[in-house]
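Structure, as structure tokens:
Just so you know, residue 1 is the first one in the sequence shown, and it goes up from there.
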Amino acid sequence: MNVRAVAAIVLNQVIEQGESLSQALPLAQKDINLKDKALLQMLCYGVLRTLPRLDFFCSSLINKPLKGKHRCLHFLILIGIYQLLYTRIPSHAAVGETVNGAKALKRTALKGMINGVLRNFMRKKNQLVEKADKQDQLRYCHPSWLVKRLQQAYGIEKSIEIMHENNQQAPMWLRVNKVHHTTLHYQTILKKANLEAFLTIDIENCNALRLDNAIDVNKLPGFDKGWVSVQDAAAQLAAHYLSPQKNDLILDACAAPGGKTLHTLELQPDLKQMVAVDCNEKRLLRVQENLNRLGLTATVIHGDASKSEDWWTGEQFDRILCDAPCSATGVIRRHPDIRWLRRDSDIQELVKLQKNILQSLWKILKSGGILLYATCSILPDENDLQIADFLKHTPNAKIIPLSKRSNIAKGCQLLPNEDHMDGFYYAKLQKVTY
Ligand SMILES: C[S@@+](CC[C@H](N)C(=O)[O-])C[C@H]1O[C@@H](n2cnc3c(N)ncnc32)[C@H](O)[C@@H]1O
């Protein structure tokens with residue numbers, strides 16, 4: 001199959017049918033070789049990162065938008081322009097292979113039109129780019145509702161910086177399972193396999209390793225034996241902040257696919273019990289798969305965290321991790337489709353859901369117990385404002401420092417690419433008795 005044609009189908013599924021890239025892409029990559037897999041990923045990510053710009057170029061070059069059964073060809077043109085503008089693929093190959101994509105999509109009659117549009121783009125490139133650079137929306141490639149929210153939260157200059165970071169490629173972060181190797185030792189194992197990994201600056205004893213170029217997990221030494229997992233360093237902070245103690249009964253309330261459940265178990269193997277809850281049955285299967293790979297045990301429950309009365313067995317938890325469903329605006333560099341799939345109105349809905357989850361989990365937390373609230377959002381409504389509202393309405397809740405090392409008792413907002421990490425938010429709450 002022509003890779004450009006497959007990319008056009010994936011982009012059509014994401015943009016026109018609202019499927020997430022993380023669902024559509026792996027399915028499309030299933031039966032193709034490693035080299036083409038990488039090219040397919042590069043084309044899909046690249047087009048989604050620059051979508052409004054490419055749309056603008058395309059609409060400047062054709063008279064009538066391609067709709068309905070021809071819609072895939074619109075994305076094929078965007079893929080063609082993307083290659084000509086942002087990759088080192090020689091232009092004759094980029095144009096030739098893209099035009100052949102029309103045949104693979106059974107639109108042979110339109111090959112000539114695609115060829116004409118791409119050649120016209122090459123002729124008018126400088127002039128079109130200059131025009132696009134004059135429009136903010138085409139420079140930053142974010143939807144206007146999100147630009148507005150970022151500007152309100154961070155001001156104009158900082159929000160431009162954030163949008164710039166969102167358009168960069170994210171590194172691959174590794175979490176080393178200390179049961180098998182120290183992080184430093186695993187770094188040397190990687191070196192022997194010709195993989196250069198960088199150690200994090202030590203934040204909260206979280207020594208994560210960073211590979212600047214992502215690789216197939218099966219190429220990581222000992223991945224199948226559970227020596228190492230893929231997890232962004234910002235997400236790795238969760239288990240350190242949760243600080244699991246011997247004999248604790250711990251709940252991970254929105255657990256799938258299980259990254260933080262597993263890390264907590266790796267950090268503290270002597271828990272009384274680890275309970276992992278998620279409302280998405282399919283994603284819960286991933287939790288069990290990951291537990292099996294690492295040889296760890298947890299009680300996995302299909303349940304709604306906002307209705308704890310439906311699945312709670314009656315023993316209050318010492319510690320609860322609430323990694324709440326959120327806008328995922330902190331991880332746009334990893335999921336470039338998020339900005340086009342989310343709507344402004346989703347934020348209010350998410351804030352309501354997070355509030356219900358927090359209230360429900362608070363009831364099943366022990367007196368003196370700890371609840372760590374986390375999101376991969378950078379929007380204050382889901383983070384500091386959510387926590388301020390919770391504290392206002394919950395007299396037996398107090399916010400405490402995230403760790404022994406940090407004495408700042410407030411939520412911590414990490415922005416995308418700070419120390420190469422994802423955008424994340426953490427706040428630690430304690431249930432007090434009067
Ligand atoms: C940010 S992800 C969790 C990532 C996970 N903690 C990890 O580290 O791998 C949020 C999860 O919340 C789940 N979720 C959404 N609404 C929920 C609800 N009402 N109750 C329980 N889980 C929910 C989603 O299915 C999703 O798996």
Side-chain angles (χ1 to χ4, degrees), residues 18-27 170 172-175 177 217 223 226 228-239 241-242 244 249-268 271 273-308 310-313 317 319-332 334-335 337-338 341-342 346 349-350 353-354 356-358 360-361 364 371-377 382 422-426:
E19 258 184 63
S20 76
L21 184 64
S22 55
Q23 271 178 334
L25 187 59
L27 279 179
M172 183 180 199
W173 281 102
L174 305 178
R175 185 185 84 235
N177 187 348
V217 286
F223 179 78
V228 67
S229 300
V230 176
Q231 187 180 39
D232 190 87
Q236 291 189 39
L237 290 172
Y241 287 148
L242 191 63
L249 175 63
I250 297 198
L251 169 67
D252 185 352
C254 301
K260 299 180 188 75
T261 310
L262 294 156
H263 191 196
T264 305
L265 285 163
E266 284 172 16
L267 279 188
Q268 181 49 268
L271 294 178
Q273 194 188 2
M274 177 85 204
V275 180
V277 170
D278 202 281
C279 69
N280 184 324
E281 234 170 328
K282 224 168 152 190
R283 282 170 66 88
L284 264 184
L285 293 176
R286 301 266 318 279
V287 178
Q288 196 53 58
E289 270 168 34
N290 284 324
L291 284 164
N292 295 347
R293 182 176 65 86
L294 294 175
L296 295 167
T297 314
T299 307
V300 177
I301 298 177
H302 177 222
D304 182 338
S306 69
K307 293 184 181 133
S308 53
D310 290 352
W311 46 266
W312 181 51
T313 54
F317 291 93
R319 280 160 214 268
I320 296 179
L321 171 61
C322 172
D323 189 12
C326 69
S327 61
T329 39
V331 291
I332 286 179
R334 289 191 192 282
H335 303 281
D337 53 328
I338 284 171
L341 298 182
R342 282 255 174 268
D346 294 344
E349 290 297 307
L350 284 162
L353 175 61
Q354 291 152 357
N356 291 341
I357 291 178
L358 268 171
S360 168
L361 296 178
I364 58 173
L371 185 146
L372 181 69
Y373 177 78
T375 72
C376 56
S377 163
E382 301 178 85
D422 282 344
F424 243 84
Y425 177 82
Y426 288 108

key: Close side-chain approach of Val230 to Leu174, heavy-atom, < 4.5 Å   = yes
| query | Is there a donor-acceptor pair closer than 3.5 Å between any side-chain N or O of Gln354 and the backbone N or O of Pro325? | reply | yes
Check your understanding: Cut-off 3.5 Å, side chains only: do Arg334 and Ser22 have a donor facing an acceptor?
Key -> no
Heavy-atom nearest pair, Cys254 first then Asp323, reads CB-O, 3.2 Å
Tightest non-hydrogen contact, residues Lys260 and Asp252, listed as C-OD2, 4.0 Å
Distance col, row Ile357:CD1 vs Ile320:CD1, nearest 0.5 angstrom, shows 12.0 Å
Here the gap from Ser229 atom OG to Leu262 atom CG, rounded to the nearest 0.5 Å, amounts to 6.5 Å
Rounding to 0.5 Å, atoms CG (Leu251) and CD1 (Ile364) come to a distance of 5.5 Å
All heavy atoms of Ala238 vs all of Tyr426, minimum pair found to be N-OH, 3.1 Å
Note: Ala305 and Leu361 closest approach over all heavy atoms is O-CD2, 3.9 Å
Per side-chain contact (heavy atoms from CB on, under 4.5 Å), Leu296 is matched among Thr261, Leu291, Thr264 by Leu291
Main chain of Pro257, side chain of Asn290: is a donor-acceptor contact present, judged purely on distance under 3.5 Å?
yes
Exercise. Within a strict 4.5 Å, meaning less than it, do heavy atoms of the Cys376 and Asp422 side chains meet?
Worked result: no
CG (Asp337) and OG (Ser20) are apart, to the nearest 0.5 Å, by 6.0 Å
Between Asp278 (side chain only) and Ala255 (backbone N and O only), is there a donor and an acceptor less than 3.5 Å apart?
yes
Counting only N and O atoms by type, is there a donor-acceptor contact under 3.5 Å from the side chain of Asn177 to the main-chain atoms of Gly226?
yes
Interatomic distance, SG@Cys322 vs CG@Leu358, rounded to 0.5 Å, equals 5.0 Å
In short, Gly18 meets Leu341 closest at the heavy-atom pair CA-CD2, 3.8 Å
- Side chains of Ser360 and Ser308, donor plus acceptor under 3.5 Å: yes
One should read off an interatomic distance between Met274 CE and Leu249 CG, to the nearest 0.5 angstrom, of 9.5 Å
State, yes or no, whether a side-chain contact exists between Asp310 and Asp304 at a heavy-atom distance under 4.5 Å. no
task: Answer yes or no: is there a donor N or O on one side and an acceptor on the other, between the side chain of Arg293 and the main chain of Phe223, under 3.5 Å?
output: yes
Salt bridge (charged side-chain N to carboxylate O under 4.0 Å, His left out) filter on Glu266, not counting sequence neighbours, yields Arg175
(request) Would you confirm whether Gln273, through its side chain, and Thr299, through its main-chain N or O, come within 3.5 Å as a donor-acceptor pair? (result) no
Going by atom type alone, with no hydrogens or angles, which donor-acceptor pairs under 3.5 Å involve a side-chain atom of residues 281-288 and a protein atom two or more places apart or on another chain?
unit_1	atom_1	unit_2	atom_2	d
Arg283	NH2	Ala256	O	3.0
Gln288	NE2	Asn292	OD1	3.1

* Asked: Is Leu265 close to Leu271 at the side-chain level, that is, under 4.5 Å between some pair of heavy atoms?
  -> yes
Smallest heavy-atom separation, Ser377 atom then Ser327 atom, equals OG-OG, 3.3 Å
TODO: Indicate yes or no for a side-chain donor-acceptor contact from Tyr425 to the backbone of Tyr373 under 3.5 Å, with no hydrogens or angles considered.
DONE: no
ask   = Would a 4.5 Å heavy-atom cut-off, applied to side chains only, mark His263 and Leu242 as touching?
value = no
